[in-house]
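Right, one structure below, let's go through it.
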Amino acid sequence: MPVSYIEAIRTGLAEEMRRDERVYLIGEDIGIDGGAFKATQGLIEEFGPQRVIDSPLAEGIIVSSSIGAAMIGMRPVAEIQFVDFITPAMDAITQQAAKLRYRSAGTQTCPLTVRVCYGGGTGGGLYHSQTNTTWFAHEPGLIVVAPATVADAKGMLKASIRQDDPVLYFEHKRLYRTIKEDLPDGDDFIADLFHAAVRREGKDATLVTYGYMLQVALQSAEKVEQETGATIEVIDLRVLNPLDRDTILDSVAKTSRLCILQEDHRTLGIGSEISAIVAEDAFDCLDAPILRVAAPDVPAIPAAEPMEQFYMPNVEKTCAALHKLLQY
Amino acid sequence: MPVSYIEAIRTGLAEEMRRDERVYLIGEDIGIDGGAFKATQGLIEEFGPQRVIDSPLAEGIIVSSSIGAAMIGMRPVAEIQFVDFITPAMDAITQQAAKLRYRSAGTQTCPLTVRVCYGGGTGGGLYHSQTNTTWFAHEPGLIVVAPATVADAKGMLKASIRQDDPVLYFEHKRLYRTIKEDLPDGDDFIADLFHAAVRREGKDATLVTYGYMLQVALQSAEKVEQETGATIEVIDLRVLNPLDRDTILDSVAKTSRLCILQEDHRTLGIGSEISAIVAEDAFDCLDAPILRVAAPDVPAIPAAEPMEQFYMPNVEKTCAALHKLLQY
Amino acid sequence: MATKVKESAAVATTSSKNGGSLISDDKLKQLYATMLKCRLMEEKALGLKKMARFKGNYYAAVGQEAAVVGAAIDLRPEDAVAPSHRDFITNFVKGVPLDAMFSQLYGRVTSPDKGRCAPAHCGYAPLNIITPSSTIAAQLNIGTGIALANKMLKNDNIVVAFSGDGSTSLGFWHEALNFSAVHDLPIIFVCQNNLWAESVPIRLQTKVEDISLKAQAYGFPGITVDGNDVVAMYRVAHEAIQRARSGGGPTLIEAKTYRWYGHSSIDPAKYRAPEEVEAWKTKDPIAAMERYLTQRNLFTPAWKQQMIESFGKELDEAVDFAEKSPQVEPIECLDHVYSFDIRGRELDRKTRAPKYQK
Amino acid sequence: MATKVKESAAVATTSSKNGGSLISDDKLKQLYATMLKCRLMEEKALGLKKMARFKGNYYAAVGQEAAVVGAAIDLRPEDAVAPSHRDFITNFVKGVPLDAMFSQLYGRVTSPDKGRCAPAHCGYAPLNIITPSSTIAAQLNIGTGIALANKMLKNDNIVVAFSGDGSTSLGFWHEALNFSAVHDLPIIFVCQNNLWAESVPIRLQTKVEDISLKAQAYGFPGITVDGNDVVAMYRVAHEAIQRARSGGGPTLIEAKTYRWYGHSSIDPAKYRAPEEVEAWKTKDPIAAMERYLTQRNLFTPAWKQQMIESFGKELDEAVDFAEKSPQVEPIECLDHVYSFDIRGRELDRKTRAPKYQK
Ligand SMILES: Cc1ncc(C[n+]2csc(CCOP(=O)(O)OP(=O)(O)O)c2C)c(N)n1
Ligand SMILES: Cc1ncc(C[n+]2csc(CCOP(=O)(O)OP(=O)(O)O)c2C)c(N)n1
Ligand SMILES: [Mg+2]
Ligand SMILES: [Mg+2]
């Protein structure tokens with residue numbers, strides 16, 4: 001039976017909690033209420049309030065207490081209800097979690113997972129739609145993942161919990177209930193945490209993306225092929241830090257053309273680094289400029305629909321860029 | 001008489017405070033002690049503790065109170081003693097200051113200046129050496145500047161204070177007392193806040209940088225010219241957000257080769273965006289890959305000298321990249 | 001510094017520690033009328049929401065009107081208000097036109113923020129109401145800065161900053177209160193303790209029973225008030241405002257109250273016992289004030305009915321205004337990023353010269 | 001919950017509210033000896049610093065030894081310590097080898113962090129001492145998490161988390177204390193109020209006189225102790241530790257004390273009046289304990305002299321060890337970023353395949 005992205009998260013959490021007593025959850029409204037989006041629904045009933053902690057309203061201590069607990073052997077999964085509210089945990093994440101292993105020369109570590117709900121296109125407005133992946137993808141010491149499929153939602157979450165590093169797991173709210181997939185049975189289903197995935201093979205151009213935009217990328221690739229016959233290779237980054245250079249470079253070596261699609265605004269989005277990697281390490285392969293389809297450089301996604309639509313990258317904008325790229 | 005970078009900051013502050021009663025300073029240890037690096041020395045004596053406020057140890061309220069004060073007409077200049085400690089102000093800067101004008105459709109604004117001391121190479125170790133410019137250069141709504149010369153230290157600070165937007169002014173601690181310049185007299189000396197500057201003309205390659213690394217860039221350009229006769233155009237970004245695309249693109253149009261030099265670690269440093277801009281908008285001009293000379297992707301600069309030196313970009317590494325670029 | 005906790009509200013209209021005057025009959029009626037209108041407005045908004053006439057999430061303060069009205073009714077235009085997500089009605093109390101408020105719900109071009117924020121996040125520059133972000137407690141810190149500037153500018157304007165019980169757990173809350181104390185700032189922190197932060201009960205937020213106690217950590221007065229007693233609320237706020245205006249520094253007012261509905265318009269609030277909700281509904285601040293006014297012969301059902309009708313008409317007109325107001329243009333997404341225009345920069349990426357200049 | 005403020009230290013050795021036993025003579029001598037050694041160690045470090053024998057900034061706790069020693073002397077190896085920048089000596093008190101500590105100052109390969117952190121920022125995994133960041137108060141929050149885990153794991157290990165007066169202004173401080181309270185965690189917050197945060201006097205930090213009062217906001221005991229009276233400090237810490245171990249929850253201990261020297265080794269501390277410094281030097285915790293032991297016939301100058309000499313030798317050996325220890329290799333800069341190696345990834349950018357795998 002096909003399951004949704006959010007069900008995959010929920011069962012992933014439950015399986016890991018059953019498997020390992022050291023796994024516990026902490027966050028705002030994750031207990032009795034089952035989470036703002038119901039990702040943790042039913043878990044407090046099964047595991048009790050000791051392992052599903054409705055925390056005080058303070059993202060800083062949600063993450064920093066998890067660091068401490070992880071240091072002495074627990075496997076905390078902290079939830080940030082909306083990435084728009086991750087700023088109080090900025091020190092905990094970038095100065096503590098990212099640097100603890102380094103500053104102790106490997107003698108103190110914090111294997112924690114921070115589940116971060118992000119993304120726009122649902123009318124949430126300025127403070128319920130942000131992306132903010134750059135802040136963390138820029139920080140060595142953190143693993144940052146952004147599953148774009150149901151299988152990854154589950155498999156990468158389980159892998160994150162078992163990984164001996166702090167992992168930020170970015171889950172896109174618009175995927176929660178819009179995609180469904182059949183999943184392999186059993187709780188040993190662990191996804192790779194280190195590589196990008198080719199979601200669609202192609203030879204005429206490479207389209208790199210992550211998160212909800214994978215949907216847009218696949219549709220755009222389909223549409224362009226119908227219109228022009230050109231095949232577009234679609235790469236789902238999956239991991240935003242540390243980036244898998246190989247998969248991207250290999251694809252560009254084949255296609256000679258690169259377009260990056262990101263929901264985030266243009267400047268210093270993840271796409272900038274992808275572009276820089278390719279311009280540095282695969283320049284000779286390139287037959288055209290590296291294009292970016294991205295949101296405009298404005299502070300956040302406005303609530304009113306006309307502006308939200310203006311803001312969001314979509315199939316139309318992506319196809320236009322791909323056409324331009326192919327015709328170059 | 002030549003003045004130092006830090007004297008330029010100090011006199012810039014004093015002149016603006018004399019000119020405009022609404023300008024006040026707030027930060028840790030900026031009063032009686034004159035600041036951790038003595039940038040504000042003597043100012044409390046001249047302007048009193050009402051306008052030179054030794055704040056409680058809380059970067060969040062240092063910035064957020066400044067936002068409120070700016071909203072009703074004051075011109076606060078907040079100091080962050082070390083950028084390593086800017087995280088408590090992350091919400092204030094990125095969610096409040098950067099978005100206030102936008103979220104109020106221009107009816108509420110916060111013209112404040114945040115002076116941020118940053119940079120490594122002085123043995124300060126993990127938490128007294130960071131750069132962290134990316135977090136803010138990624139945020140539309142903020143102006144981010146990083147003066148690399150004494151004239152800019154003064155002129156851009158004064159311009160920032162007068163600018164009707166929130167400005168993050170990144171001052172590199174290693175420049176404070178290592179560079180001196182003669183400055184024009186008078187207090188009407190305002191520097192442009194929007195354009196990069198060509199610090200050295202050249203025709204064979206473009207080297208883009210900012211902050212302390214301008215020193216390294218100029219020395220490297222000199223050395224490469226002596227060694228090969230090739231001339232390197234050196235661009236000082238000056239402004240990290242919003243980026244001045246023109247100056248860079250014009251230079252690459254002329255030189256066809258681009259190298260970026262940044263003190264920050266490689267991934268998603270400012271250089272990624274520069275590279276992406278050029279790979280997107282000046283691809284046809286390029287005769288070689290875009291190279292980046294940057295620190296390795298580790299969490300921060302270690303204290304011990306051998307590792308610090310391994311970490312820091314320097315003339316040797318830059319020249320090696322330039323040679324590679326020129327020979328391509 | 002003396003710290004008062006749980007001053008009884010019963011004596012509020014007849015005495016005042018600091019010797020303030022009795023509350024006039026007109027003021028009592030105004031308090032009632034304002035609460036009633038807030039209630040009508042929010043029920044209207046919720047009705048529209050249910051019919052999906054506007055988008056986004058709404059956070060109703062129904063049940064909490066006394067706390068907001070009592071605290072904000074006497075503010076001057078120059079005084080600033082720092083609202084939280086649940087304080088849409090502070091706009092009305094302070095005098096924002098209904099047209100603007102309903103345009104906010106609808107996200108139209110006539111809204112104060114031209115369609116940018118979520119419906120309940122309403123601010124209004126002409127009356128010094130900070131346009132809220134969603135970050136819990138952030139408004140307190142910005143409010144603190146306004147209070148600092150007021151002090152520097154030597155005017156007697158004050159700031160009233162609203163927050164909820166949940167907000168007290170955040171570092172921002174602490175930094176704002178501590179800073180205000182150190183600088184004796186003219187600011188009143190009104191914490192509406194409605195016992196829940198979304199689904200989290202107060203006992204998981206803090207170990208203390210009375211949030212007002214927390215003021216002791218900062219060295220200024222904290223007081224717990226029956227937040228459903230508008231007269232008590234008014235009295236206490238009045239004293240705090242006077243203190244602030246005259247340089248006496250900050251006050252923390254804890255208003256114990258309750259929200260009748262879910263956290264937001266999509267929350268069925270199943271985490272609360274129905275009995276708890278019912279018990280609190282019997283403490284309806286508006287009904288209580290109605291009884292009080294009736295005792296004092298200040299109330300007639302006709303007066304109420306007339307208000308309901310005439311204000312109902314005003315609301316209908318505001319809804320009509322909002323619904324007929326144009327949508328924002330898509331391209332306005334690019335406006336108000338900086339003090340200079342970025343349309344050129346974003347739209348025509350081949351025109352490389354930035355359109356802005358100093 | 002009862003909150004104690006300013007318990008007198010005078011009665012500390014002869015009575016205990018909770019009926020604890022008297023402090024043994026051996027313990028009294030140990031307290032003295034440990035303080036003395038801490039002092040000798042830091043004076044040694046400062047001497048080396050003055051001669052530029054190691055790099056970076058050092059933050060001496062000279063004058064504050066009683067607070068640290070009294071709080072940490074009885075901790076078990078499994079108990080965690082969360083030190084601030086000024087608590088280098090907690091390492092010694094907890095039993096970290098001198099070789100490791102001096103290697104830390106010198107940033108050598110033999111240091112616990114292999115040369116990464118600033119000299120005073122010493123942690124030690126085998127004894128559960130958190131390697132500090134510089135972010136003020138951050139150690140409290142991590143310590144809180146360790147306490148949470150201890151509670152979950154149902155062991156009776158506790159956490160002692162150190163911070164200074166300046167740290168109390170930060171939101172982190174507040175979030176840690178509040179969270180610890182809500183979950184009744186086994187943690188003791190020792191706030192060393194040395195009246196200054198760098199150049200900022202306590203009156204610009206907070207409006208209250210006693211930081212211990214702030215515990216009231218969280219609903220657990222706060223107590224002010226003479227932080228220069230090691231016996232009082234020991235007694236109070238002992239009680240707090242017992243409470244924490246037995247599930248009684250957190251305690252805030254404010255130790256009023258003073259740092260003799262500048263904020264760090266580069267700070268001449270001109271912002272303080274020389275008289276203030278002199279007055280506090282007369283309250284030297286070590287001299288005070290010496291007098292106390294003398295009264296009790298537990299002290300002889302010969303004993304002290306012998307300690308100075310033998311510990312002096314130990315120190316010299318540790319310095320020697322550190323100075324002879326190798327520098328870290330430059331390339332070690334690339335180690336300990338992740339649980340997997342990144343050398344390959346960084347060094348040979350043409351070898352694209354990441355060297356790591358799951
Ligand atoms: C920093 C931050 N974290 C989380 C949220 C999500 N959130 C919005 S309202 C709310 C609960 C607020 O509770 P309280 O302060 O008691 O106010 P109330 O809603 O009861 O009026 C939460 C968790 C947020 N807006 N900001
Ligand atoms: C978040 C943060 N802001 C600023 C600093 C710089 N800084 C280091 S120590 C210090 C003063 C600390 O004062 P206090 O907490 O009283 O401790 P003490 O130094 O007196 O032991 C400051 C401002 C820092 N390390 N972290
Ligand atoms: Mg509440
Ligand atoms: Mg101190």
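Just so we're on the same page: letters track the sequence lines, and every chain starts at 1.
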note = Under 4.5 Å to a heavy atom of chain B? For D:Ile136 that would be side chain

key: Contact summary for D:Glu198 and B:Ala36, nearest pair of heavy atoms   = OE2-CB, 4.4 Å

query = Which one, B:Pro88, B:Gly124, B:Gly31, B:Gly60, leads in non-hydrogen pairs under 4.5 Å with chain D?
reply = B:Pro88

Interchain contact, D:Phe172 with chain B, by part (heavy-atom threshold 4.5 Å) = side chain

Point-to-point distance, once rounded to the nearest 0.5 Å, from SG of D:Cys333 to OH of B:Tyr311 = 7.5 Å

Minimal non-hydrogen separation, D:Leu170 against B:Glu59, with atom names = CD2-OE1, 3.9 Å

key: Structural part of D:Glu332 lying under 4.5 Å from a heavy atom of chain B   = both

remark   = Most contact-rich option vs chain D, by heavy-atom pairs under 4.5 angstrom, among B:Pro306, B:Ser55, B:Ala300, B:Pro296, is B:Pro306

Options B:Gln81, B:Gln309, B:Glu308, B:Glu28, ranked by heavy-atom pairs under 4.5 Å with chain D, top entry = B:Gln81

message = Using modelled atom types and a 3.5 Å cut-off, is there a donor and acceptor pairing between side-chain atoms of B:Asp29 and backbone atoms of D:Ser199?
response = yes

remark   = Here the pair of heavy atoms bringing B:Val298 nearest to D:Ile342 is CG1-CD1, 4.2 Å

ask   = Checking D:Lys55 against chain B: side chain, backbone, both or neither under 4.5 Å from a heavy atom?
value = side chain

message = Using side-chain heavy atoms (C-beta onward) and a distance below 4.5 Å, is D:Val200 in contact with B:Pro56?
response = no

key: chain D contact via B:Leu126 - which portion, at a heavy-atom distance below 4.5 Å   = both

query = Given that the side chain runs from C-beta out, which part of D:Ile266 has a heavy atom under 4.5 Å from chain B: side chain, backbone, both or neither?
reply = neither

key: chain B contact via D:Ser167 - which portion, at a heavy-atom distance below 4.5 Å   = backbone

query = In Å and rounded to the nearest 0.5 Å, what is the OG to CZ distance from D:Ser134 to B:Phe82?
reply = 9.0 Å

inquiry  = Which one wins on heavy-atom pair count under 4.5 Å against chain D: B:Gly125, B:Ala303, B:Ala58?
reply    = B:Ala303

B:Phe310 CZ to D:Glu346 CD distance, which is reported to the nearest 0.5 Å = 8.0 Å

message = Using every non-hydrogen atom in the two residues, find where B:Phe85 and D:Thr135 come nearest and quote the distance to one decimal.
response = CE2-N, 3.8 Å

remark   = When rounded to the nearest 0.5 Å, the distance separating CG of D:Asp267 from CG of B:Asp33 is 6.0 Å

task = Looking only at non-hydrogen atoms, find the nearest pair between B:Met307 and D:Pro330 and report the distance.
result = CG-O, 3.8 Å

note = For B:Ala304 and D:Val328, the nearest pair of non-hydrogen atoms, with its separation, is CB-CG2, 3.7 Å

